[in-house]
There are 2 protein chains.
Amino acid sequence: MAYLCVMKQRGQVVVDKILDTAERLFYAQGYSNTGINQVIEEADIAKASLYKHFDTKTDLLVAYIQRTHERWFNRIENAVNEVADPKDKLLALFDHHVERQEIRQFGGCPFIKANDEAGTSDPRVLAEIQLTKQHSKDFIKTLVVNSGHKKLLTDQELAELIFITLEGAIAAASVFKQPTELQSAKQIIQKLI
Amino acid sequence: MAYLCVMKQRGQVVVDKILDTAERLFYAQGYSNTGINQVIEEADIAKASLYKHFDTKTDLLVAYIQRTHERWFNRIENAVNEVADPKDKLLALFDHHVERQEIRQFGGCPFIKANDEAGTSDPRVLAEIQLTKQHSKDFIKTLVVNSGHKKLLTDQELAELIFITLEGAIAAASVFKQPTELQSAKQIIQKLI
DNA sequence: CCATAAATAGACAAATCTGTCTATTTATGA
DNA sequence: TCATAAATAGACAGATTTGTCTATTTATGG
C-alpha cells in the first residue's frame, strides 16, 4: 500500500507540474497562444514526460478544464459555507467571484475562454465545459430553493437570473478589467431577494 | 469625382472579400485557428493584396472587430426601431439576440470571443472591444431612460441588469447551443419593467 | 543488489505560420 | 493610347508548431 502511494505521488509530481503550468499559461495567454514547448520549459520537465501523461495537447486542455472545474467547485462551496444566512449565501457568490477575478487579473471565466478557443474544434472540450456550467446552475438552484427569498421571482427564475448575471458580470469584468458589474449585479439581486 | 468613386469601389471589392472571409472564419473557427493562407484562399485574392490593405494579421483582426461593431449597431438599432412601445424596445433586444445567435449557430459574442483569443496580447484589440461594450451599455441606458418602467429598480440598475443579462445569456447560449437563457432573461426583465 | 519503470535531454520530422518579394497581368483615368 | 496603380500567382525565408524517437540517467520496490 505504501509503495503504491509513493509511486502515485512520484508520478503526480510531474503531472502536477505540467497542469500547474498549463493552467497558468492557458488562462493568461490563451490555449492557442501557448505551445507545448513553453509548457515543458516552464514546468521544467521533459517533453517525453508530458506525452507519457497526455496523448495530445487537447488531452492536456481537457485535463486542465476538469481540474479547474473541481477546484472551482471546492472553492465556491467553501465560500458559501462560511456564510450562515441563506440569502447571504446567494450574495456570497458575487463576492467570491470578485475576489477570484481580482486574483485572476480579470481574465474572465476560464471555461468560457476555453470554449471560445477550442469549443468548436473538439467535442470533448465543449462537453466538459457544459458539465461545469450545468454544475454551476444546479448549485445555484439549490441555494435559491433554500434561501427563503421573497418570491418576487419564482425559484427557477431567480436561479436563472443569478446564473446569467454571474456569467455576464464576469464577461464584463474581462472586458473592462474591473469588478463593477459584479458589484452592481450583487446589489440588484439583493433588492430582489 | 466619378473616377474616385470607381477607384474606391474597386479597392473596396478586395477589402470586402477579405473582411467577409475573415469575419466568417474568425468567428466560426477562431482567430488563432485561422491562418492568413486560408483567408486568402477562401477570399480568392492574392496574398500581396491582403498585405497591401492590412499590415499584419492583427490589423485585420482590428478591422474585423470595427466592422462587426458597426454592423451590430445598425442591426440592433433597426430592430429596436421596428418596435413602438418603449418597454417592448427593451424586450426586443433579447429577441434580436436570439435571432442573431441562431444565425451564428450559437457561437456567442464575437467581441468576447476576440477578447478571449487576442485581448491580452494586443492592446488595440482590447481597446476596440471596450468601445463596443461601452456602446452597448450606453444604448441600453437610453432605452431604459425612455422606457417608463415601473422603477422597481433605478434607471441605472435596470440598464446594468439588462446589459449584464444579455452578456450572460449570450455566453450561456455559446455553451449550451440553445437560446434558453436569452428567453428566460427576457421573461424576467419583463416582470421587472 | 537488481530489474523495472519513470524521467530526462534533445535531435528530428513534417507541417504550418506570418510576412516578403518578384514578376506578370489587369484595370483605370486622362 | 499611355502611364500609373492595383491585383495576381506563387516562390521563399525563417520561425514555430505538435508529436516521435533514441539514448541516458534516475528512482523505486522487492
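All figures in this text were calculated on a predicted structure; none of them were measured in a lab. Below, read A as the first sequence line, B as the second, and so on, with proteins coming before strands; counting in each chain starts at 1.
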Nearest-angstrom distance from the residue atom [atom1] of [X] to [atom2] of [N]:
| X | N | atom1 | atom2 | result |
| --- | --- | --- | --- | --- |
| B/L50 | D/dA7 | CG | P | 11 Å |
| B/F54 | C/dT18 | CZ | C1' | 16 Å |
| B/L25 | C/dC17 | CG | P | 12 Å |
| A/K52 | C/dA9 | NZ | P | 15 Å |
| B/K57 | C/dT16 | NZ | C1' | 11 Å |
| B/Y51 | D/dA6 | OH | C1' | 19 Å |
| A/I45 | C/dA9 | CD1 | P | 9 Å |
| A/L61 | D/dG19 | CG | P | 12 Å |

Please determine whether the number of non-hydrogen atoms from other residues, nucleotides or ligands lying under 6.0 Å from atom CD of B/Q66 exceeds 12.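 Yes, enclosed.
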Looking at A/Q178, I want to see if its CD is surrounded by more than 12 non-hydrogen atoms of other residues, nucleotides or ligands under 6.0 Å.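 Enclosed: over 12 neighbouring heavy atoms sit under 6.0 Å from CD of A/Q178.
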Quick check on contacts: within residues 27-42 of chain B, what sits under 4.0 Å from DNA chain C by heavy-atom distance?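 The answer is B/T34, B/G35, B/I36, B/N37.
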Taking the six-membered ring of [Y] as reference, does the NZ or CZ atom of [X] fall below 6.0 Å from its centre and within a 45° cone about the axis?
| X | Y | answer |
| --- | --- | --- |
| A/K137 | B/F176 | yes |
| B/K57 | B/Y31 | yes |
| A/K177 | A/F106 | no |

Less than 3.5 Å apart, any donor N or O on the side chain of A/D138 or A/Q134 sitting next to an acceptor on the other?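 On atom types as modelled, these side chains qualify, holding a pair under 3.5 Å.
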Can you tell me whether the side chain of A/K47 and the base of C/dG10 have a donor-acceptor pair closer than 3.5 Å?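 A donor-acceptor contact between them is absent.
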Is the shortest side-chain N/O distance from A/H53 to OP1 or OP2 of C/dA7 below 4.0 Å?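 A/H53 to C/dA7 OP1/OP2: side-chain N or O found under 4.0 Å.
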Honestly curious: do A/L131 and A/F26 fall in one hydrophobic cluster under the side-chain, below-4.5 Å linking rule?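 Not linked; separate clusters.
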Counting side-chain heavy atoms from CB outward, which of D/dA7, C/dA9, C/dC21 is closest to B/A48?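 When the side chain of B/A48 is considered, C/dC21 is the closest of D/dA7, C/dA9, C/dC21.
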